[in-house]
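See structure below.
In the text below, chain A, chain B and the rest are named by the order of the sequence lines, each starting its count at 1.
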There are 2 protein chains.
Amino acid sequence: MIQTPLAAQVTQTLRAQGGRMTAQRRLILDLLQESDSHPTAEELYALARQSDPSLNLSTVYRTLNWLEERGFVSPRRFDDNHAHKHFDPVQPDAGHVHHFHCRNCDRVIEFSAPQVEQLLGQIRGEIARQHGLRVDDAALVLSGLCMDCAASA
Amino acid sequence: MIQTPLAAQVTQTLRAQGGRMTAQRRLILDLLQESDSHPTAEELYALARQSDPSLNLSTVYRTLNWLEERGFVSPRRFDDNHAHKHFDPVQPDAGHVHHFHCRNCDRVIEFSAPQVEQLLGQIRGEIARQHGLRVDDAALVLSGLCMDCAASA
DNA sequence: ACACTATTGCAAATCGTTTGCAATAAACCA
DNA sequence: TGGTTTATTGCAAACGATTTGCAATAGTGT
C-alpha cells in the first residue's frame with residue numbers, strides 16, 4: 001500500500017501505542033496532507049465524504065484530536081468572531097511558520113520570514129524584561145485578501 | 001453625572017442613532033473601561049452582577065456586539081482550543097497594539113512595539129508581492145506566563 | 001405626564017465540538 | 001485461516017459559548 005509521509009508516520013505511532021489504522025483515519029490523513037490551506041474539521045469532513053459517504057463528523061474530530069495530542073497537527077483560530085479551528089499539519093523540519101488569513105474565503109496561507117524570527121528574538125526579551133513576563137511563543141498573523149479574492153474584488 | 005471617557009463617547013453615538021443609554025449599558029461600559037486585562041463576556045457579567053444582580057448575560061453579549069459594530073471594542077481569541085472572545089476597548093489615539101496572552105490564567109496584556117510596526121511595513125509588501133496577497137492587518141501575539149503565574153510556578 | 005419604541009430578561013435555539021454507548025472491525029494469536 | 005480481544009466507529013444526545021424570539025420594561029422626545 002502506498003502511504004503519504006504523514007500517514008506512514010502516523011501508522012508507526014499508532015502501532016507503537018496499540019492503536020489501529022482504519023480506512024477512515026487513512027482517508028482523513030491523506031486529505032490533510034494534500035490540502036495546502038489548513039482545513040477545518042467541517043471542510044475535511046465534506047471532502048472525505050466524497051470518498052466515504054458513511055464517514056461521521058465525530059470521527060473527523062476524534063481523529064484530529066488524536067493527531068493533535070501526538071503533535072501531528074496543531075489547531076489555530078484565525079477569525080475572532082464565530083470561529084472554527086483550522087488544523088495545521090506540523091512539519092517537524094520546518095522552522096517557525098506564520099500565517100496569512102483571507103477574511104473573505106477563510107483560506108489560510110503559511111509563510112516564513114527570517115526577519116520576523118530575528119525581530120521576535122529581540123522583542124521577546126525586551127517585552128519579557130519590561131513587563132516581567134515569560135514569553136514562550138510568538139505568532140504573527142497577517143490578514144487581508146488572498147490572491148483569488150483580491151482578483152475578484 | 002460623571003462619565004468615563006468611553007461611556008461619554010458611547011452616549012454620543014447612542015444619541016445620534018436614536019439609541020438609549022441604560023443603566024445596564026453604563027455599568028458594562030464602566031467595567032470595560034476600568035478593566036486592564038481585556039475581559040470576556042462571562043468575566044464582565046460576573047463583575048457586573050456584583051452591582052446589578054438582575055443583569056442578564058444576553059444583555060452583556062448584546063452590548064458588546066453593539067459596541068463592536070460601532071468600533072468601540074474589538075474581539076479577539078487567544079486560546080486556540082476551547083476559546084472565548086476577549087473584548088479589547090479600542091483607543092482611537094493609540095497606534096497598533098499587540099498582545100501577550102498568559103496561557104495559565106488567561107490574562108491579556110497589551111503592548112506596543114514600534115520595531116514591529118516597522119518590520120511589518122517591510123514584510124507586508126514583501127509577502128504581498130511574493131504570494132499575490134493584499135495584506136490589510138497584522139497581529140502579533142506573544143504567549144507564555146504572566147508575571148504572577150511565572151512567580152508562582 | 002404620554003406615547004413611542006429601543007432595550008431588557010427569560011427561555012429556547014444555534015453553532016462548533018465532545019461524549020456515552022452499542023455495534024463494528026483491526027490486529028494479534030492459535 | 002478463523003476466533004478473540006478491544007480500539008474505533010456511527011449515531012444520538014450533551015456540551016459550552018453565543019444568539020435569538022418574544023412579551024414585559026423603561027429611556028427619550030413631545
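With sequence neighbours excluded, no residue forms a side-chain hydrogen bond (donor to acceptor under 3.5 Å, both in side chains) with B:Arg20. Among residues two or more places apart in sequence or in another chain, the side chain to side chain contact (heavy atoms under 4.5 Å, CB included) test is passed with B:Glu42 by B:Thr40, B:Tyr45, B:Leu57. B:Phe78 pairs by the ring-ring contact (aromatic ring centres under 6.0 Å, His included) definition with B:His86, B:His99, B:His101, not counting sequence neighbours.
In this structure, A:Arg62 fails the cation-pi test against A:Trp66, since its NZ or CZ atom is not both closer than 6.0 Å to the six-membered ring centre and inside 45 degrees of the ring normal.
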Taking Watson-Crick and G-U wobble pairs with both distances under 3.5 Å, convert DNA chain D into its dot-bracket string, 5' to 3', dots for unpaired and | for cross-strand pairs. ||||||||||||||.||.||||||||||||
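In this structure, CG on A:Leu31 lies 5.0 Å from CG on A:Leu27, to the nearest 0.5 angstrom. A distance of 7.5 Å separates SG in A:Cys102 from CD1 in A:Ile109, rounded to the nearest 0.5 Å. Rounding to the nearest 0.5 Å gives a distance of 9.5 Å between CG of B:Leu14 and CZ of B:Arg26.
A sub-4.0 Å separation between OP1 or OP2 of C:dT18 and a side-chain N or O of A:Tyr61 is absent.
Residues from residues 63-77 of chain A lying near DNA chain D, meaning a heavy-atom separation below 4.0 Å, are absent. Residues from residues 41-55 of chain A lying near DNA chain C, meaning a heavy-atom separation below 4.0 Å, are absent.
Atom pair A:Asn56:CG and C:dT24:C1' shows a separation of 14 Å (rounding to whole Å applied). Counting to the nearest Å, the C1' atom of C:dT17 and the NE2 atom of A:His86 are 15 Å from each other.
Legend: side chain to side chain donor-acceptor pair (under 3.5 Å) pairs involving residues 141-153 of chain B, not counting sequence neighbours, sorted by first then second residue: B:Arg107-B:Asp148. Evaluation of the ring-ring contact (aromatic ring centres under 6.0 Å, His included) test over residues 8-34 of chain B, restricted to residues two or more places apart or in two chains, returns none.
The number of heavy atoms from other shown groups lying within 6.0 Å of CD (A:Glu117) is above 12. Residue-environment remark: CD (B:Gln115) exceeds the threshold of 12 foreign heavy atoms within 6.0 Å.
At a threshold of 4.5 Å between side-chain heavy atoms, the hydrophobic network of Ile, Leu, Val, Met, Phe, Trp and Tyr places B:Val141 and A:Val108 in two separate groups.
Here chain B contacts DNA chain D (any atom closer than 4.0 Å to a heavy atom, that is under 4.0 Å), and the contacts span D:dA17 to D:dT28 from 5' to 3'.
The residue A:Arg62 sits close to a base: some heavy atom pair falls under 4.0 Å.
With side-chain heavy atoms closer than 4.5 Å counting as contact, directly or through intermediates, B:Met147 stands alone and belongs to no larger hydrophobic cluster. A:Leu145 belongs to no hydrophobic cluster, as no Ile, Leu, Val, Met, Phe, Trp or Tyr side chain comes under 4.5 Å of its own.
The shortest side-chain heavy-atom distance between B:Arg103 and A:Asp137 does not fall under the 4.5 Å cut-off.
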Distances under 3.5 Å between nitrogen or oxygen atoms of protein and nucleotides 25-30 of chain C:
| unit_1 | atom_1 | unit_2 | atom_2 | d |
| --- | --- | --- | --- | --- |
| C:dA26 | N3 | A:Arg20 | NH1 | 3.1 |
| C:dA27 | OP1 | A:Met21 | N | 3.1 |

